[in-house]
Amino acid sequence: EAQVTQNPRYLITVTGKKLTVTCSQNMNHEYMSWYRQDPGLGLRQIYYSMNVEVTDKGDVPEGYKVSRKEKRNFPLILESPSPNQTSLYFCASTSGGIQFFGPGTRLTVL
Amino acid sequence: GIQVEQSPPDLILQEGANSTLRCNFSDSVNNLQWFHQNPWGQLINLFYIPSGTKQNGRLSATTVATERYSLLYISSSQTTDSGVYFCAVTRGSQGNLIFGKGTKLSVKP
């Protein structure tokens, strides 16, 4: 089954404790991206990757890092999380302009 | 940057009713997609429709790119249609999606 998976689905952590949210797709897509969704602000792109080892900033990249060492994986890294990064995070994989979203990761930073 | 506006922001329907959701965008776009976010937060791709008309069961969508708007039609609504409907457009060559704020739909039995 074609899908985008994310882990963990839920995470509560504390300020400053590094964390990684994994994202994997099995559709051999080149383009992947990360979004965050916040009440009143909608979904905003954090980072995207057009292929292996090619990444670039989206609209709200501050406080995040990404890597793309393999085509299927695109982890989102928060080196020093802060409470303003509490949000619902989505990974997406794109082919032909059509975006497929993962199930989401609900992150709470205390 | 491109602005995406959706209307209405909230909509309450009785089961079986029809509805039209609108998406206006401020500049030329390469792609346009409609998504449904269900009450569990999952984003479901409904239509990829940069122009023209498409139909999928009770749902259909029309995009008039020259006039910078798209419409999503829901006929014979069901309670499972509840959730938030998002319109999103791409400004670049791939997928830098710009989302509207969404229309929150509640279908009452």
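Keep in mind the model is a prediction, meaning the values are calculated, not measured. Chain letters run A, B, ... following the sequence lines, proteins first, then strands; residues in each count from 1.
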- Message: Please say yes or no: joined through hydrophobic side-chain contacts below 4.5 Å, possibly via intermediate residues, are B:L59 and B:F86 part of one cluster?
- Response: no
- Region of B:I98 that comes under 4.5 Å of a non-hydrogen atom in chain A: side chain
- Note on the structure: Among residues 68-93 of chain A, residues within the sub-4.5 Å heavy-atom range of chain B, in order of number, are A:L88, A:F90
- Message: Non-hydrogen contacts under 4.5 angstrom with chain B: give the residues of residues 1-17 of chain A involved, or none if there are none.
- Response: none
- Query: With sequence neighbours left out, which residue pairs that include part of residues 34-64 of chain A fulfil the disulfide bond (SG atoms under 2.5 Å apart) condition?
  - Reply: none
- If the plane angle is over 60° it's perpendicular, under 30° parallel, otherwise tilted; pick one for A:Y48 and A:Y31. parallel
- Just grab all the side-chain hydrogen bond (donor to acceptor under 3.5 Å, both in side chains) pairs involving residues 64-77 of chain B, residues at least two apart or on different chains. B:W34-B:S70, B:T63-B:S70
- Item | Separation of A:R36 CZ from A:L107 CG (nearest 0.5 Å) | 9.0 Å
- Item | Verdict with reasoning, A:F100 to A:H29, per side-chain contact (heavy atoms from CB on, under 4.5 Å) | CA-CA 10 Å; A:F100 302 91; A:H29 291 166; 3.7 Å; yes
- Return the minimal non-hydrogen interatomic distance between B:T103 and B:P8, and the atom names on each side. OG1-O, 2.6 Å
- More than 12 foreign heavy atoms under 6.0 Å from CD of B:E5: is that the case here? no
- Scan side-chain atoms only and decide if B:N31 and B:Y48 contain a donor-acceptor pair under the 3.5 Å cut-off. yes
- Query: When B:F35 is tested against each of B:V84, B:L46, B:L97 for side-chain contact (heavy atoms from CB on, under 4.5 Å), which residue passes?
  - Reply: B:L97
